[in-house]
Amino acid sequence: MNKHQKDLDEFFKEQGWSYWKPHEILARLIEETGEFARLINHEYGPKKKKDSESTQHFEEEVGDILYTLACFANTHDIDLDVAFKKSLEKVQARDKGRFN
């Protein structure tokens, strides 16, 4: 993901944009997560989509969440590749054989 973080940062610089403040990023993350939850509910839950609602795709909604997290990571010098690797290693160590 580090490449994508760099691409995002370069795009922001080209546009002359500043990243949002942390609380703005959190608000955006919650909004995007809500859109993902709504899509899950439409696809797998009891709440079906209205005919007037636009088509959504899981890939786009996950992408919006990742974009928002990349904005936060870029403002806090977090390498998402490293963060994900650490998280994966933690789960692998903690949950090895747990669900057998």
Side-chain angles (χ1 to χ4, degrees):
M1 275 201 234
N2 192 279
K3 177 194 177 321
H4 299 297
Q5 281 184 258
K6 289 176 184 174
D7 290 346
L8 176 65
D9 200 53
E10 287 176 18
F11 179 70
F12 267 60
K13 287 176 182 171
E14 288 170 5
Q15 300 302 310
W17 296 348
S18 298
Y19 286 102
W20 307 303
K21 295 178 178 117
H23 70 280
E24 293 170 317
I25 294 173
L26 177 60
R28 175 81 183 253
L29 180 61
I30 291 167
E31 178 184 334
E32 297 299 347
T33 303
E35 291 178 13
F36 179 66
R38 184 179 185 97
L39 181 55
I40 291 282
N41 204 19
H42 286 163
E43 292 290 323
Y44 302 106
K47 185 175 181 180
K48 298 306 172 193
K49 186 181 291 248
K50 297 176 191 172
D51 291 337
S52 61
E53 290 182 279
S54 61
T55 302
Q56 294 174 290
H57 302 281
F58 287 116
E59 185 176 76
E60 291 175 24
E61 298 308 326
V62 169
D64 290 344
I65 292 168
L66 291 172
Y67 171 88
T68 305
L69 289 172
C71 288
F72 183 84
N74 282 357
T75 62
H76 289 79
D77 296 319
I78 297 169
D79 182 322
L80 288 176
D81 285 333
V82 172
F84 187 80
K85 184 175 189 261
K86 285 181 180 181
S87 183
L88 182 59
E89 289 169 352
K90 177 178 66 177
V91 169
Q92 288 171 330
R94 180 188 65 208
D95 296 338
K96 184 178 181 179
R98 181 176 178 191
F99 300 103
N100 294 344

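Just so you know, these numbers use all the heavy atoms, side chains as well, and skip hydrogens, waters and symmetry mates. In what follows, residues are counted from 1 in the order of the sequence shown. Everything numeric in this text was worked out from a predicted model, so none of it was measured.
Nearest heavy atom pair, residue Leu8 against residue Ala70, reads CD2-CB, 3.7 Å. Closest of all the heavy-atom pairs between Asn74 and Gln5 is OD1-NE2, 2.8 Å.
Partners of Asp81 according to the salt bridge (charged side-chain N to carboxylate O under 4.0 Å, His left out) rule, which considers only residues two or more places apart in sequence or in another chain, do not exist here. Under the rule for a salt bridge (charged side-chain N to carboxylate O under 4.0 Å, His left out), the partners of Asp95 that lie at least two apart in sequence or sit in another chain are Arg98. For Lys85, the salt bridge (charged side-chain N to carboxylate O under 4.0 Å, His left out) test picks out Glu89, with sequence neighbours left out. With sequence neighbours left out, the side chain to side chain donor-acceptor pair (under 3.5 Å) criterion links Glu59 to no other residue. Asn2 meets the side chain to side chain donor-acceptor pair (under 3.5 Å) test with Lys6, Asp79; sequence neighbours excluded. For Lys13, the side chain to side chain donor-acceptor pair (under 3.5 Å) partners two or more places apart in sequence, or in a different chain, are Asp9. For Lys50, there are no salt bridge (charged side-chain N to carboxylate O under 4.0 Å, His left out) partners two or more places apart in sequence or in a different chain.
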Side chains of residues 61-68: which donor-acceptor partners sit under 3.5 Å, not counting sequence neighbours?
{"from": "Glu61", "atom 1": "OE2", "to": "Gln56", "atom 2": "NE2", "distance (Å)": "3.3"}
{"from": "Thr68", "atom 1": "OG1", "to": "Asp64", "atom 2": "O", "distance (Å)": "2.9"}

May I have the list of side-chain donor-acceptor pairs in residues 25-34 shorter than 3.5 Å, sequence neighbours left out?
{"from": "Arg28", "atom 1": "NE", "to": "Glu32", "atom 2": "OE2", "distance (Å)": "3.0"}
{"from": "Thr33", "atom 1": "OG1", "to": "Leu29", "atom 2": "O", "distance (Å)": "2.7"}

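Note that NE2 of His76 and SG of Cys71 are 12.0 Å apart. Values are rounded to the nearest 0.5 Å.
More than 12 heavy atoms of other residues, nucleotides or ligands shown are found within 6.0 angstrom of NZ on Lys49. Environment of CZ in Phe58: crowded, with over 12 heavy atoms of neighbouring residues, nucleotides or ligands closer than 6.0 Å.
Judged as a salt bridge (charged side-chain N to carboxylate O under 4.0 Å, His left out), the pairs with a partner in residues 35-45 (not counting sequence neighbours) are, in order, Arg38-Glu53. Residue pairs meeting the ring pair (Phe, Tyr, Trp, His ring centres under 6.0 Å) criterion with at least one partner in residues 13-57, sequence neighbours excluded, are Phe11-Trp17, Phe12-Trp17, Phe12-Tyr19.
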